[in-house]
Each structure stands twice: as C-alpha cells, then as structure tokens.
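Below is one structure, written out as structure tokens, with a few remarks after it.
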There are 2 protein chains.
Amino acid sequence: MSLDAVLARIDADLPAALDRLMALLRIPSISTDSNYDADCDRAADWLVADLTSRGVEAAKRPTPGKPMVIGHAAGDGPHLMFYGHYDVQPVDPLELWARDPFDPAVEDGPAGKVIRGRGSSDDKGQLMTFVEACRAWKAVHGRLPARLTFFFEGEEESGSPSLVPFLKENADELRADLALICDTGLFDPRTPAITTMLRGLLGQEITIRGPNKDLHSGMYGGIAMNPIRVLARIIAALHDDRGRVTVPGFYDGVAELPAEIAAQWDALGFDESAFLGEVGLSEKAGEQGRSGLEMIWSRPTCEINGITSGYTGKGFKTVLPSQASAKISFRLVGSQDPLALRESFRAMVRGMVPADCTVEFADHGASPASAMSTDDPAFEAARQALSDEWPNPAAFIGSGGSIPIAGYFQSILGIESMLIGFGKDDDQIHSPNEKYDLESFHKGIRSWARILAALT
Amino acid sequence: MSLDAVLARIDADLPAALDRLMALLRIPSISTDSNYDADCDRAADWLVADLTSRGVEAAKRPTPGKPMVIGHAAGDGPHLMFYGHYDVQPVDPLELWARDPFDPAVEDGPAGKVIRGRGSSDDKGQLMTFVEACRAWKAVHGRLPARLTFFFEGEEESGSPSLVPFLKENADELRADLALICDTGLFDPRTPAITTMLRGLLGQEITIRGPNKDLHSGMYGGIAMNPIRVLARIIAALHDDRGRVTVPGFYDGVAELPAEIAAQWDALGFDESAFLGEVGLSEKAGEQGRSGLEMIWSRPTCEINGITSGYTGKGFKTVLPSQASAKISFRLVGSQDPLALRESFRAMVRGMVPADCTVEFADHGASPASAMSTDDPAFEAARQALSDEWPNPAAFIGSGGSIPIAGYFQSILGIESMLIGFGKDDDQIHSPNEKYDLESFHKGIRSWARILAALT
C-alpha cells in the first residue's frame with residue numbers, strides 16, 4: 001500500500017530531516033525586534049530554496065513587513081493550503097537558557113530525545129513536519145497526493161500586521177478547499193488533537209507619564225505623583241476578587257459552554273493539579289467556579305505580559321521615575337468584539353489617570369475568537385488518521401492561544417481550517433530552553449502522511 | 001585682611017580648580033554596580049594623590065566594600081572633620097544624556113555656565129568646593145586655619161554598607177569638634193541654607209515568584225497566577241485615597257511640625273506651583289492637607305523606585321512571567337524606627353501574597369531620621385558667613401533626601417554635623433544630564449573660605 005511505503009521512507013529519512021530542521025533553527029528570525037530583520041529574510045530564503053529543490057514553484061513575496069513565502073505544487077485530488085510561520089519569539093531572559101537558543105541540538109530528555117532551541121516547537125519544527133511528509137510522498141510516488149499551496153508567514157509572533165492586506169490582495173491565489181495549520185499541540189503526550197475553538201487576542205501597551213524627567217525620590221518624594229503608583233492601581237483594578245475581568249462590557253458576547261462540548265471535555269480527564277503542578281503552582285487563579293479547561297479554552301482573560309519603570313538594575317537608586325509602562329493582553333472568546341473592548345479598556349484606564357499624568361496607548365493586535373465548523377467530513381477523516389498514528393484516539397479540543405489566521409481564512413478566503421499540531425505542554429514555547437520532542441517531529445511527519453492519504 | 005587674600009586667590013585659581021574637578025568627574029565611580037569597582041578605586045586614589053600633594057597625610061583605607069579616603073592636616077583652631085562622597089549614581093537611561101556622562105564639559109546654560117556630567121553636583125563638585133577652599137587658604141597663609149580631618153566615602157549611593165563598622169573601628173581617629181558635610185543644596189538660587197533636619201531611609205526590594213518558569217499567556221492565561229497582578233495589588237495598597245501610607249504603625253513617632261519651625265518655613269515663601277511646574281506637574285500628590293515643604297522635608301513617604309517583570313523590549317510577547325520585582329523606599333522622619341517598619345511592611349506584603357506565590361525581600365539600607373542641635377554658636381556663625389557671600393540671608397531648613405551620615409556622626413562619634421551645600425533644584429542629580437552651576441562651584445569654594453574664617 002502506498003501509505004506504508006511513505007511511512008517507511010519517513011522513518012529512513014529522519015536523520016536528514018533533522019539536519020534540515022537544524023539549519024532552519026540556526027537562523028535567529030525574531031520578528032518582533034527589528035535588529036533581526038535580515039535574519040527573518042534569510043529564513044524566508046531558506047524555505048524558498050527548500051521548496052524549490054523539490055519542484056515546488058516557490059517565491060518570497062514582499063510585504064511592508066517581513067516577506068511571505070508562497071509555494072504551489074500540482075497534484076491529484078483536492079486543493080489543500082498549508083500554513084505555518086518561520087518567525088520566532090525573542091529569547092530573553094537569555095541567562096536562563098542552558099545553551100545558545102540558536103545553536104540547536106538533540107538532547108536526552110526524561111521522556112526521550114528532544115530538539116532544543118528557539119523555534120523548535122513554535123513553529124519551525126511543526127512547519128517542517130508537513131514539509132517533510134510532502135517530501136517523502138513525492139520521493140516515493142513521484143508526485144503529491146493533492147494540489148498544494150504552501151503559505152509561510154514571518155510576522156506571527158509580532159501581531160501579523162501584513163497578513164490581512166496580503167490575504168485580501170492574493171485571495172484568489174490562496175483560496176483552497178481546506179486550510180491545514182500546524183501551530184497547536186497534542187492534548188497530552190498520548191492523545192492527538194484537532195483544535196476547533198480558538199481564543200482571539202487584544203494586545204495593548206499603556207504608558208503613564210508624570211514628571212517631565214526622572215526625579216530624586218528624596219527631593220520630590222511625597223509631593224510629586226509617581227507613575228508606578230498610577231499604573232499599579234490600574235493593573236490591580238483589572239480583576240475583581242473573584243478573578244473576573246472588570247473592564248466594562250467585557251463579558252458581552254461570552255456564552256456558556258454548550259452541554260455536549262462540556263461533556264466531551266469532561267471525558268478528557270484533564271488533570272488540573274498535574275497541569276499546574278508542572279509549572280510549580282497548585283491553585284487555579286482565574287474566575288472562581290470554572291473548570292481548568294474552561295479557563296484556558298473557553299473563557300476570556302486579561303494578563304499583564306510585562307511591566308517596567310524606574311531603576312531595575314543591580315542595587316538601588318532612589319529615583320522617582322517620569323514614566324511607567326505595561327504590556328497587557330486580553331484573550332477573547334465567542335463574539336467578544338476586540339475593537340469595542342479596546343475602547344472600553346482605554347476609557348477605564350483614562351478614568352484612573354490623575355490630572356497630572358497622561359496616558360498613551362499602543363496597539364499590539366486585535367483579533368476575534370474563532371470556532372471551526374466540523375461538519376466537513378474531512379475533520380472526521382483526519383481525526384481517524386491521527387488516531388491510527390498515536391496511542392489514544394484524537395479529540396476535538398479548544399485552545400487558549402490565539403491563532404487569528406484561522407479566523408482570517410474564514411472571513412477573507414471563505415475556507416475552514418484544520419488545526420493539527422504535535423507540541424507538548426512542556427515544550428516551553430515563548431520561554432527559555434524551548435524544545436520539541438523528537439517523537440513529536442517524527443510522529444508528526446508520519447501523521448501528516450496519514451492525513452494526506454485520508455483526505456485524498 | 002586674610003580672608004580677602006584667600007578669596008582673591010580662589011577667584012584667580014578657578015580655571016585650575018575646574019580642571020581638577022573635570023579629572024575627577026571623568027572617573028565613572030558608580031558604586032551600586034560592581035562592574036565599576038576598579039573605577040571607584042581609581043577615584044579614591046585620585047583624592048589621596050590630590051590631598052597628599054598639598055601636605056595632607058592621606059591614605060586609602062580598605063573596607064569590605066569601596067575604600068574610604070582619610071586625610072589629616074594640622075592647623076590652628078578647632079578640629080573640623082569634612083565629609084563628602086566620591087561615588088556617583090548609575091547613568092541609565094543613557095540615551096537621555098545629551099553627552100557622555102563621564103566626559104564632562106562646561107556648557108552655557110540659561111542661568112549661566114554649568115558643569116555637565118555625572119557627579120558634578122552629587123557629590124564630586126560639592127566635595128571639591130571644600131578641598132579647593134583649603135588649598136587656597138594654605139597657598140595664601142602657608143597653613144590651615146583649623147585642624148582638619150578629611151573623610152571621603154565611596155558607598156553613599158549604594159546604602160553605605162561599610163560606613164557604620166568603619167566609624168566604630170576608627171571613632172577615636174575621626175572624632176572632631178564638629179563635622180562639615182557638603183551634600184545638600186541652596187534653598188533657592190539666591191538663598192543659601194544650612195540643613196538641620198534630615199529624613200531617614202528604608203530601602204526594600206521585593207520579588208514575587210509564581211510559576212517556576214515563564215509561561216505562554218495563551219496556554220496558561222486565566223488559570224495560572226500572574227506575579228505582576230500580585231505585585232500591582234501590593235503597590236496599589238501602599239497608599240490610601242488621601243495619600244497616606246498604609247503600612248501598619250507607619251506614623252508611629254511622626255510628630256507635628258513645631259509652630260516656630262512652621263512659621264520659619266512659611267516665611268521662606270516656597271512656591272509650590274513653581275517647584276512642581278518645573279518638572280511638569282501641577283498637583284501635590286502627597287498627604288492631603290499638608291504644605292509642600294512639609295511633604296518634602298518633615299513628612300514620611302513611600303515611593304516605588306523601580307519595577308520590572310516579563311517582556312519589556314520592543315513589540316509584544318505573550319508571556320505570563322514567573323516573577324515580578326519592585327524597589328521601594330520609605331523616607332522616615334522623627335523617631336520612626338526603620339527596623340520596626342521593615343518588619344511591619346514585610347508582614348503586610350506577606351499577607352497579600354497568595355498561597356501559590358512566594359515573596360523574597362532584599363535590604364537596601366535602613367537609617368533613622370536626624371535633626372541637628374543648632375544651639376552650638378558655630379551654626380549661627382556659619383549662617384552669617386554664608387549670608388555674606390550670597391544675595392539673600394542663609395536659612396536653617398529641612399531636607400527630603402536622606403543623608404544618614406549625620407545621624408551616625410551623632411550616635412557613633414557623638415558630634416554634630418553642619419550640612420552646607422550649593423546644589424540647585426534643577427541640577428538633575430540621579431537623573432540624566434546632571435549639572436552643577438559654575439556659580440555653585442565658585443561661590444561654594446568662597447563660602448567655605450568664609451565659614452573657615454568664621455569658625456576659627
């Protein structure tokens with residue numbers, strides 16, 4: 001049978017596939033920091049070269065930001081579009097990495113071998129699972145089982161500013177029968193998942209300005225307003241004592257979980273204690289009276305992602321700072337309107353800034369939540385294919401992370417997305433020492449081969 | 001008359017005095033950052049060499065931290081001990097400096113020439129006013145008008161960890177009839193001042209730890225406790241709505257201002273609007289119902305000097321940070337007990353940390369407030385001498401800054417201190433673009449010559 005030959009080829013080619021991934025991981029394509037612009041470009045070039053070498057008609061496509069990589073390949077069967085992103089998160093705090101984040105290596109981990117390095121899981125390693133599955137299929141059969149469009153973005157970690165205009169301008173070229181997205185995780189190490197429910201994101205940066213320069217806290221302390229005090233009051237006011245977000249109108253458009261989905265999630269046997277225990281915690285900090293999976297999949301949240309003001313170096317400096325700033329993100333669900341919430345949030349903040357201070361806002365993304373329509377039989381076919389590769393049957397799940405691309409594919413291209421990925425909860429994506437299990441990489445490639453066979 | 005000849009000599013020698021100050025300012029002696037340890041040592045060596053070149057028996061004296069510089073010179077009259085510090089504040093944010101902070105220069109300012117550079121006002125420029133007055137006196141008269149002990153510290157900007165043990169071990173050597181300290185300011189550009197009331201300081205750093213690593217705010221947001229939320233609640237709780245500090249027992253030992261001092265301060269005609277307006281503010285942010293001078297001289301305060309957590313670089317990173325920390329200082333007055341307050345503050349903070357988080361404290365100094373006894377006729381003599389040099393008569397004032405050394409001279413050596421300095425409110429000490437007016441330097445040197453003549 002043709003699938004068996006492809007799977008055998010994947011197994012035999014694994015060392016070479018690993019070498020290719022390592023080459024891509026060595027490129028520090030941090031999109032949120034303009035110091036790495038040239039590296040983002042290099043990562044795009046690498047992908048174009050890799051696709052081209054296998055007969056895919058691929059090109060780097062300019063945008064006002066980082067380039068997109070688009071590739072087209074003829075094949076039998078339906079038209080599938082595959083999406084991944086080649087940019088990665090920043091690496092600070094660098095001192096917490098056990099090795100150079102851009103000098104990747106395969107290391108022995110407690111649960112088997114891991115690929116260590118920034119981007120190994122999010123998203124270069126995941127992206128390459130699909131690319132390698134296609135490579136093996138082509139090597140065995142001489143052609144691909146579907147007409148394929150490859151779509152690699154370089155701004156996913158920095159709010160995707162160029163994405164919507166690019167999709168609109170190239171809608172006809174990119175429209176396929178179905179999109180495949182590899183940027184999510186397994187439900188647990190034995191249970192694969194298709195993510196059908198995604199939270200949206202509203203990112204806001206606020207800067208409070210008080211005195212027109214940094215002051216000596218001895219000379220001015222007690223008479224001059226300290227912007228840190230103002231900012232702390234705002235942040236402290238964002239949640240009530242029961243963990244609910246206090247921005248006016250925040251819960252408009254947030255529905256209760258349908259009973260059938262709730263029952264499915266209950267059946268997953270999610271171990272809240274183990275999930276929290278793995279990161280050193282024991283108590284759920286979110287809305288009281290909600291299950292752990294609700295908190296991370298189907299309830300909206302507000303998180304402070306960063307705060308800085310005044311002297312933060314070694315020792316002590318008695319400064320009364322002139323400004324204080326924080327980065328704040330809201331995860332959105334249901335039909336919460338990101339732009340309406342942004343206005344409500346800003347009005348709330350403005351109301352807490354004393355007359356002597358000013359506040360400035362900066363945008364870092366605003367995308368609504370999205371839910372896939374699983375009526376398409378391709379979803380059940382893919383679920384079966386995944387179940388064949390992994391120990392436990394695959395599940396339809398939600399995701400706490402925001403992958404706005406699926407919503408844009410719906411609204412701009414009019415196509416559904418199937419979100420399948422092989423990351424694990426302990427991959428430390430966005431953190432120091434990111435890794436991707438060699439098993440995720442290997443079984444991930446095999447999973448895509450099975451899915452391609454099932455869909456075509 | 002002998003004083004006139006000294007004053008003339010000071011005027012003639014001003015360019016050379018400036019050159020000497022510039023050489024000292026070029027040494028980046030930042031004591032709070034161990035990367036500058038060798039530079040602190042170089043500054044001490046420079047002072048030893050300068051004192052020695054004029055016949056002062058001077059030496060660098062080791063401590064577990066930065067060295068002290070001690071010099072002894074014979075002379076007629078009483079035994080005076082002069083104190084200053086050769087270490088300086090850090091220079092960040094460096095990008096706000098118009099020139100290299102350690103490449104000082106004389107520039108034209110709106111109110112005359114200024115000496116620009118880190119330490120020009122705090123405290124190298126001030127320290128050198130006394131040194132230069134002594135140099136001129138010796139040059140004119142061949143000997144000094146008093147027996148002098150020079151005492152230069154190198155840890156004033158980093159909490160003076162070695163000071164108390166050093167004073168205790170060398171009390172007999174350092175004990176004089178009176179201490180002179182040059183680390184304060186003029187009341188206003190035309191009105192010199194002797195500072196007789198000093199606030200104490202309690203410096204605390206708190207670090208809240210939650211998850212055992214930085215998390216992805218999409219995967220964990222809503223279920224995992226965010227340390228920034230905990231820290232913001234603590235900081236927001238430190239003041240009530242009327243600007244009072246809420247640490248239990250905080251106002252124990254804080255007395256109302258005596259009526260006669262209050263009357264004296266009223267007579268100074270302090271322009272609160274101008275004081276705040278100069279730094280871009282218009283409202284007093286301290287305790288409601290207090291005058292501006294009370295807020296900065298005689299009332300205790302709590303300031304947040306720095307805060308940091310999570311991602312603080314360019315762009316956005318959806319991290320849920322594992323820890324958050326803040327540097328907090330309390331200015332103390334009257335008989336507030338720094339160590340009792342430290343315990344009360346820590347208990348309050350511990351009570352606000354949820355079970356899943358931990359808190360760690362670090363000390364950055366703990367010194368009580370001090371008030372000079374102005375009964376000694378030397379105070380009135382010095383006030384007259386200062387009044388002769390400057391347009392307006394000199395005043396006895398308070399100071400918001402903490403100069404714990406005066407308290408230690410009282411408690412350990414049993415001697416009073418006279419705090420006289422020539423800094424101006426716009427010197428931007430502890431801030432970018434620190435400067436010292438050339439007038440402060442020149443008239444400062446002349447003032448010390450007059451004071452030496454008056455005290456001997």
Side-chain angles (χ1 to χ4, degrees), chain A residues 32-33 89-90 158-159 203 211-219 221-226 228 232-233 235-236 279-286 292 295-296 299 301 303-320 327 329 331 355-356 364 400-402 429-431, chain B residues 32-33 89-90 158-159 203 211-219 221-226 228 232-233 235-236 279-286 292 295-296 299 301 303-320 327 329 331 355-356 364 400-402 429-431:
Chain A
T32 199
D33 184 339
Q89 281 274 318
S158 54
N212 58 19
K213 62 185 173 191
D214 284 358
L215 304 176
H216 185 307
S217 74
M219 283 176 64
I223 190 168
M225 180 48 76
N226 186 327
I228 303 180
R233 288 194 169 219
I235 292 172
V279 297
L281 299 174
S282 62
E283 289 184 339
K284 289 185 290 181
M295 286 182 179
I296 59 175
R299 298 297 300 176
T301 67
E303 289 299 336
I304 320 334
N305 305 110
I307 186 169
T308 184
S309 176
Y311 183 66
T312 59
K314 284 188 241 176
F316 209 78
K317 187 175 164 183
T318 50
V319 67
L320 195 161
K327 298 179 201 274
S329 61
R331 299 281 169 174
D356 249 6
H364 292 286
S402 299
I429 65 171
H430 295 210
S431 292
Chain B
T32 199
D33 184 339
Q89 281 273 318
S158 51
N212 57 19
K213 62 184 174 193
D214 284 358
L215 305 176
H216 186 307
S217 73
M219 284 176 62
I223 190 167
M225 179 47 78
N226 186 325
I228 302 179
R233 289 195 167 218
I235 291 171
V279 296
L281 299 174
S282 63
E283 291 184 336
K284 290 184 290 180
M295 285 182 181
I296 59 175
R299 298 298 298 178
T301 68
E303 290 299 337
I304 314 356
N305 304 110
I307 185 168
T308 185
S309 177
Y311 183 66
T312 60
K314 284 189 242 175
F316 209 78
K317 188 175 165 183
T318 50
V319 67
L320 195 161
K327 299 178 199 273
S329 61
R331 300 282 169 173
D356 248 7
H364 291 287
S402 298
I429 65 171
H430 294 211
S431 292

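Each chain gets a letter, A, B and so on, in the order the sequences are listed, and its residues count up from 1.
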* To do: Keeping the roles fixed (side chain from B:K213, backbone from A:G280), state whether a donor-acceptor pair exists under 3.5 Å.
  => no

* **CD1 on A:I235 to CG on B:N226, rounded to 0.5 Å** => 9.0 Å

* Asked: In terms of heavy-atom pairs under 4.5 Å with chain B, which of A:A355, A:G313, A:S309, A:S329 leads?
  -> A:S309

* Quick one: does A:S217's side chain get under 4.5 Å of B:R331's, heavy atoms only? -> yes

* What part of B:R299 lies closer than 4.5 angstrom to a heavy atom of chain A: side chain, backbone, both or neither? -> neither

* **Leading residue by heavy atom contact count with chain A [cutoff under 4.5 Å; candidates B:I223, B:I429, B:I228, B:D33]** => B:I223

* Between the side chain of B:E303 and the main-chain N/O of A:V319, is any donor-acceptor distance below 3.5 Å? -> no

* To do: Heavy-atom pairs under 4.5 Å with chain A are the metric here; pick the option from B:I307, B:D214, B:T308 that has the most.
  => B:I307

* To do: Spell out, as yes or no, whether a donor-acceptor pair under 3.5 Å connects the side chain of B:T312 to the backbone of A:G306.
  => no

* Out of curiosity, A:L215 CG to B:L281 CG, how far, rounded to the nearest 0.5 Å? -> 7.0 Å

* To do: With a 4.5 Å cut-off on heavy-atom pairs, point out which of B:H364, B:M295, B:K284 contacts chain A the most.
  => B:H364

* **Donor-acceptor contact present, side-chain B:D356 to main-chain A:E283, <3.5 Å** => yes

* Of the backbone (N, CA, C, O) and the side chain (C-beta and beyond), which part of B:T32 lies under 4.5 Å from a heavy atom of chain A, both, or neither? -> both

* Does a side-chain heavy-atom distance below 4.5 Å link A:H430 with B:T318? -> yes

* Asked: Just wondering, do A:K317 and B:Q89 contact through their side chains at under 4.5 Å, heavy atoms?
  -> yes

* Identify which of A:G203, A:G286, A:G310, A:P211 forms the greatest number of heavy-atom pairs closer than 4.5 Å to chain B. => A:P211

* Heavy-atom contact with chain A under 4.5 Å, split by part of B:S158 -> neither

* To do: Indicate yes or no for a side-chain donor-acceptor contact from A:N305 to the backbone of B:F316 under 3.5 Å, with no hydrogens or angles considered.
  => no

